Trainee: 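Following this message is one structure expressed as structure tokens.
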Protein chains: 2
Amino acid sequence: MVGPVDIMSIGVIDVPSRKSLFVNRIEEQILTGRMKVGDSLPSERQLEEETHISKTVIHAGLVELEQKGFLEITPRRGAVVANYEETGTMETLNALIRLNGGNMTKKQTRSFLEARIAIEGSALQRLCENRTEDDIRYLEAIIDEADRLLESEHVDEAALAEVLFRYHRGICVRSRNEFFPLLLNEFRPIIMEFWLRSIHRFGAVSNVHLAKRYLDFIRSRDAAGAFRRLERSVKEYLDSIDG
Amino acid sequence: MVGPVDIMSIGVIDVPSRKSLFVNRIEEQILTGRMKVGDSLPSERQLEEETHISKTVIHAGLVELEQKGFLEITPRRGAVVANYEETGTMETLNALIRLNGGNMTKKQTRSFLEARIAIEGSALQRLCENRTEDDIRYLEAIIDEADRLLESEHVDEAALAEVLFRYHRGICVRSRNEFFPLLLNEFRPIIMEFWLRSIHRFGAVSNVHLAKRYLDFIRSRDAAGAFRRLERSVKEYLDSIDG
DNA sequence: GTTTTTCATCTGGGCCGACCAGTTGATTAA
DNA sequence: TTAATCAACTGGTCGGCCCAGATGAAAAAC
């Protein structure tokens, strides 16, 4: 049952699709500035010839790049590099960060945390003012999941980050604002990365403890206190990466 | 030059792509509840047969629906209708509102304006604190565009809404937060609809005047005043739709 | 009768080369 | 100088092919 070699593990080799290779190549050209905003791309046929990838795949790749906000395609006219500060969405930013190996710059981190205070802070205050017993039970159930993960010998950090994401999205869901949870979904990859780093930096227990702290504020309907706590924890995180 | 009929204008007929027709059909089925969360979709080959659209296009459409948060596709298993409150993004919401003829419910409007205060309010305060002369010039240039539109006999409302969008996104851009402008792009269809309604309700002049008012606060670095003004104008809009 | 194995069938993922219908711009005709 | 023509080029679509994993019923082993 065990293969001939079980000392050195090779690991899976996942073959990247031609489409993703093509998309990454173009993204790279754009983000490094080799292709500038307004530049026309070669036609799909030219790209087919150049890359030895079929036109269908090229076409699908270009459409994907358009959805990400990198290109502007006009049927039967061609594709040009879009001003992705104008047309870009969070997906564009996610692609940008992913291309940088998942690392955000300090400015991006600061921007992210500002956005977090703006959105989650607003949700938190609304929830404190309008919470019901059912909201408390809903959030407690998620905290219980986190506690169960902490009981294990080796804490599954990815799973804990996922639970923390669901908890904070839960705050947005229960704030009765239909937009806030959707915005958090938009941020999802970035937020997950953030929680992973936060777990590494401050430990699993500490992060779950902080989550419980917010629940206390919600219970006692202390909107101002909750907001101050959020601001403080963001400030602590920023200080920790500056040092 | 002029066709045989120039009294009644026909207007361009832009032929929708098969992919978009397919995507809209499925969205409709989901949003009207004919397909419920968890329901399995027919296989790509069945859909091909049923719709007479090739598998290539069907596949591309399903991938788009997954990105919009409407479907959850598992390779070699099939696609099921996703819980779009969980997986949805702003694109999902845009589709939902578009399907409703661009009309938001009162709760959606309230949610939108709360989100606007959270995001643009935060940007406004940051900008007031850190503005440069160049920021002022940048925003003044956009205001000039709006003024030019006002000079015309019949104000082009769609164009003005577009300029107002660019102005308020400009505030986010110049706030030096990389996330805020992208979030506004995400909202774009909703925001455009909002400005159109605001122009109808309060008039073109009044909306441009308010935009200039924000510029005053930014010039005098009055962050608190700017925020209060934003809150007030949102409140006025909410009152006007309640009445 | 119960468990295990086998294997035909179905799924989405990926790719290809050909064809379709609008756009464009130089050439031709008026 | 102007208008009509049309070949070349564009993105969009097509149907077919193969791949590898999932599925479940039939066959084999117990």
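In the text below, chain A, chain B and the rest are named by the order of the sequence lines, each starting its count at 1. Keep in mind it's a predicted model, so treat the numbers as computed, not measured.
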Trainee: May I ask you to say whether A:Arg34 pairs ionically with A:Glu28, meaning some side-chain N is under 4.0 Å from a carboxylate O?
Mentor: yes
Trainee: Is A:Thr56 side chain donor-acceptor paired with the C:dC16 base, going by distance under 3.5 Å alone?
Mentor: yes
Trainee: Please determine if a side-chain N or O atom of A:Gln46 lies less than 4.0 Å away from the OP1 or OP2 oxygen of D:dC9.
Mentor: no
Trainee: Among residues 57-68 of chain A, which residues get a heavy atom nearer than 4.0 Å to DNA chain C?
Mentor: A:Val57
Trainee: From the list C:dG13, C:dC15, D:dT13, which nucleotide is the closest neighbour of the side chain of B:Ser54?
Mentor: D:dT13
Trainee: Classify the side chain of A:Arg45 versus the base of D:dG11 as yes if they form a donor-acceptor pair under 3.5 Å and no if they do not.
Mentor: yes
Trainee: What is the distance from CZ of B:Arg18 to P of C:dA21, rounded to the nearest Å?
Mentor: 9 Å
Trainee: Go through the structure and list residues passing side chain to side chain donor-acceptor pair (under 3.5 Å) with B:Glu140, not counting sequence neighbours.
Mentor: B:Arg219
Trainee: Tell me: CG of A:Leu21 to C1' of C:dC15, nearest whole Å?
Mentor: 14 Å
Trainee: Verify the contact: side-chain N or O of B:Ser43 to OP1 or OP2 of C:dT11, cut-off strictly under 4.0 Å; return yes or no.
Mentor: yes
Trainee: Rounding to an integer number of Å, can you tell me how far A:Arg76 CZ sits from C:dA21 C1'?
Mentor: 6 Å
Trainee: Confirm from the modelled atom types if A:Lys55 and D:dG12 form a donor-acceptor pair under 3.5 Å, side chain to base only.
Mentor: yes
Trainee: Salt-bridged, A:Glu44 to A:Lys55, with N to O below 4.0 Å?
Mentor: yes
Trainee: Any salt bridge linking B:Arg188 with B:Glu193? Criterion: basic side-chain nitrogen under 4.0 Å from a carboxylate oxygen.
Mentor: no
Trainee: Whole Å only: how far is the CG atom of A:Leu47 from the C1' atom of C:dC16?
Mentor: 16 Å
Trainee: Roughly, in whole Å, what's the span from CG in B:Leu71 to C1' in C:dG13?
Mentor: 16 Å
Trainee: Find the distance B:Leu41:CG to C:dG12:P and express it as a whole number of Å.
Mentor: 9 Å
Trainee: Could you give the CD-to-C1' distance, from A:Glu44 to C:dC15, as a whole number of Å?
Mentor: 15 Å
Trainee: Just the rounded figure in Å: distance from P of D:dG12 to NZ of B:Lys19.
Mentor: 9 Å
Trainee: Taking NZ, NE, NH1 and NH2 as the nitrogens, is one of them in B:Glu49 or B:Arg45 under 4.0 Å from a carboxylate oxygen of the other?
Mentor: no
Trainee: May I ask you to check whether A:Ser198 and A:Asn207 show a side-chain donor-acceptor distance below 3.5 Å?
Mentor: yes
Trainee: Could you check whether B:Asn103 and B:Arg98, counting side-chain N and O atoms only, form a donor-acceptor pair closer than 3.5 Å?
Mentor: no
